[in-house]
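One structure below.
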Amino acid sequence: MEVMAGGAVLALVLGMIAHRLRVPPLAGFVLAGVMLAPATPGPSISPVHAGLLADVGLVLLMLGIGLRAPWRALWPLDRAAVAGACARLGGGLAFGGLMGIGFGWSPATSMVFGACLAPASLVATRRLLGNRLCGSAGRFTANVAMIETLVCVAAAAVLPAVVGPAGGSAILPGMPLAIGALLVGAALGVDAAMRRTVEQMLPFMDAFAVPFFVALGMQFNWEAIAQMPVAFGATVLFVLVAKAVLLHPCAARAGLRCGPAVMAAGGLAQIGESSWMLVLTGVGTGLLDADAQALVLNAAAASTLVAALRARTWATPGAADVESGAA
């Protein structure tokens, strides 16, 4: 418990340092998790406690997403956002197929692995971009992230029923709780009175992201990376570069100029809570082995850190809004 308390203090300290350096604080949260990971030398949190923190953090994060996300903005459907989400999902499936050939995975395993790499973290996207993108650029970015989140939730809910848990074992407990938390939050968030209450609770709800991103950093495994450095590098490059390239034409179709389009694509070039849900589903159904799980979770931590550092180079808040508004 002393280590967990120290981890909370470390996360807050690193988050404050990141803020002072004009880097999104979530970079400090992830870095704190990496420093306390069981695979990192020095004081660490046990795998049992790390797993518990991950489950709690995921549930709280999905509840916050359900309450805060502007779900009504999805209707009528933004065709450019749908095209962007589909392009990234298709790219993920294709990349998963290539990785499956190299690792000898089954087609189902390759598909689940590729799907894990497609969705952006809705929370990380909001924290990385802040109010840099508003208007059509902000709506497009949020819609892509929300569509990807909904697709992943549907996949996580349906896949166990289609495949069945491996060996008759139950699906990991954190996953159905996370889905339920998202649905409950979304149902409450559509009520006008509840929305006003949510707005008053925003400072507390922002704290929901801290345990998740700390737990995400705790999944970083140096030994796994050392055993398959090429696969890890390829996975991170797909998340950071290929996904951004796939989204850029759709951003241009949505009317975004070059600057806001690049910023939107860069803000969505990471993975987080949706990928974690699919990993839980894949592990519970026996479709993801230890190598695939390690690649996804290590890529999630690495891509979040890199995206946060990259966000420091983007335009100041409002600069991109003026440019996109002129389109």
Side-chain angles (χ1 to χ4, degrees), residues 47-48 50-63 65-66 85-86 88-122 147-184 212 215-216 218-221 224 227-228 231-232 235 238-239 271-301 303:
V48 174
L52 178 61
L53 180 63
D55 287 342
V56 173
L58 182 61
V59 170
L60 291 177
L61 191 72
M62 298 309 290
L63 176 63
I65 290 175
C86 291
R88 285 152 57 94
L89 178 59
L93 295 177
F95 179 77
L98 293 176
M99 292 290 286
I101 295 174
F103 279 91
W105 293 335
S106 68
T109 296
S110 301
M111 290 180 63
V112 174
F113 173 80
C116 288
L117 304 179
S121 165
L122 190 57
I147 291 170
E148 291 176 343
T149 298
L150 291 176
V151 171
C152 286
V153 169
V158 172
L159 192 60
V162 174
V163 177
S169 61
I171 301 301
L172 297 180
M175 193 274 293
L177 285 177
I179 294 178
L182 176 69
L183 296 178
V184 169
F212 172 78
L216 182 64
M218 290 180 186
Q219 308 307 308
F220 202 76
N221 190 325
Q227 293 173 1
M228 41 187 179
F232 170 73
T235 302
F238 173 80
V239 174
I271 55 178
E273 66 277 352
S274 297
S275 300
W276 195 313
M277 290 179 63
L278 283 179
V279 166
L280 290 176
T281 304
V283 171
T285 55
L287 289 177
L288 288 185
D289 59 14
D291 287 340
Q293 180 182 1
L295 284 173
V296 174
L297 296 181
N298 283 328
S303 65

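Only a predicted model underlies this, so the values are computations on that prediction, with no experimental measurement involved. Below, all heavy atoms of this structure are taken into account, side chains as well, without hydrogens, waters or symmetry copies.
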note = Residues at least two apart in sequence or cross-chain that pass ring-ring contact (aromatic ring centres under 6.0 Å, His included) with Phe232, listed by chain then number, are none

Contacts of Ser275 that satisfy side chain to side chain contact (heavy atoms under 4.5 Å, CB included) - sequence neighbours left out = Pro119, Ile271, Val296

note = Heavy-atom nearest pair, Leu287 first then Ala108, reads CD2-CB, 3.8 Å

key: CZ on Phe212 to CE on Met62, rounded to 0.5 Å   = 9.0 Å

List the atom pairs, with distances to 0.1 Å, where a side-chain N or O of residues 89-107 and a protein N or O form a donor-acceptor pair under 3.5 Å, not counting sequence neighbours.
from	atom 1	to	atom 2	distance (Å)
Trp105	NE1	Asp289	OD2	3.2
Ser106	OG	Thr109	N	3.2
Ser106	OG	Thr109	OG1	3.0

task = Answer yes or no: is there a side-chain heavy-atom contact under 4.5 Å between Glu273 and Leu122?
result = yes

request  = Please report the closest heavy-atom contact between Leu295 and Ala231, naming both atoms and the distance.
outcome  = CD2-C, 3.8 Å

inquiry  = With rounding to the nearest 0.5 angstrom, report the CG to CG distance, Leu63 to Leu183.
reply    = 11.0 Å

query = How far apart are the closest heavy atoms of Ala155 and Pro160, and which atoms are they?
reply = O-CD, 4.3 Å

query = Under the 3.5 angstrom rule, does the side chain of Asn298 hit a backbone N or O of Asn221 as a donor-acceptor pair?
reply = yes

Verdict with supporting geometry, Thr235 and Phe113, side chain to side chain contact (heavy atoms under 4.5 Å, CB included) = CA-CA 10 Å; Thr235 302; Phe113 173 80; 4.0 Å; yes

key: Pairwise side-chain hydrogen bond (donor to acceptor under 3.5 Å, both in side chains) hits with a residue in residues 92-103, at least two apart   = none

ask   = Can you name the closest pair of heavy atoms from Ala301 and Phe220 and give their distance?
value = CB-CD1, 3.8 Å

task = Over all heavy atoms of both residues, which pair between Ala156 and Leu278 is shortest? Give the atoms and the distance, please.
result = N-CD2, 4.0 Å

note = Here the pair of heavy atoms bringing Ile147 nearest to Ala85 is CG2-CB, 3.7 Å

Atom pair CD1/CE of Ile179 and Met277 - distance to nearest 0.5 Å = 4.0 Å

query = Which pairs with one or both residues in residues 88-100 pass salt bridge (Lys or Arg N to Asp or Glu O under 4.0 Å), sequence neighbours excluded?
reply = Arg88-Glu148

Separation of Cys152 SG from Leu159 CG (nearest 0.5 Å) = 11.5 Å

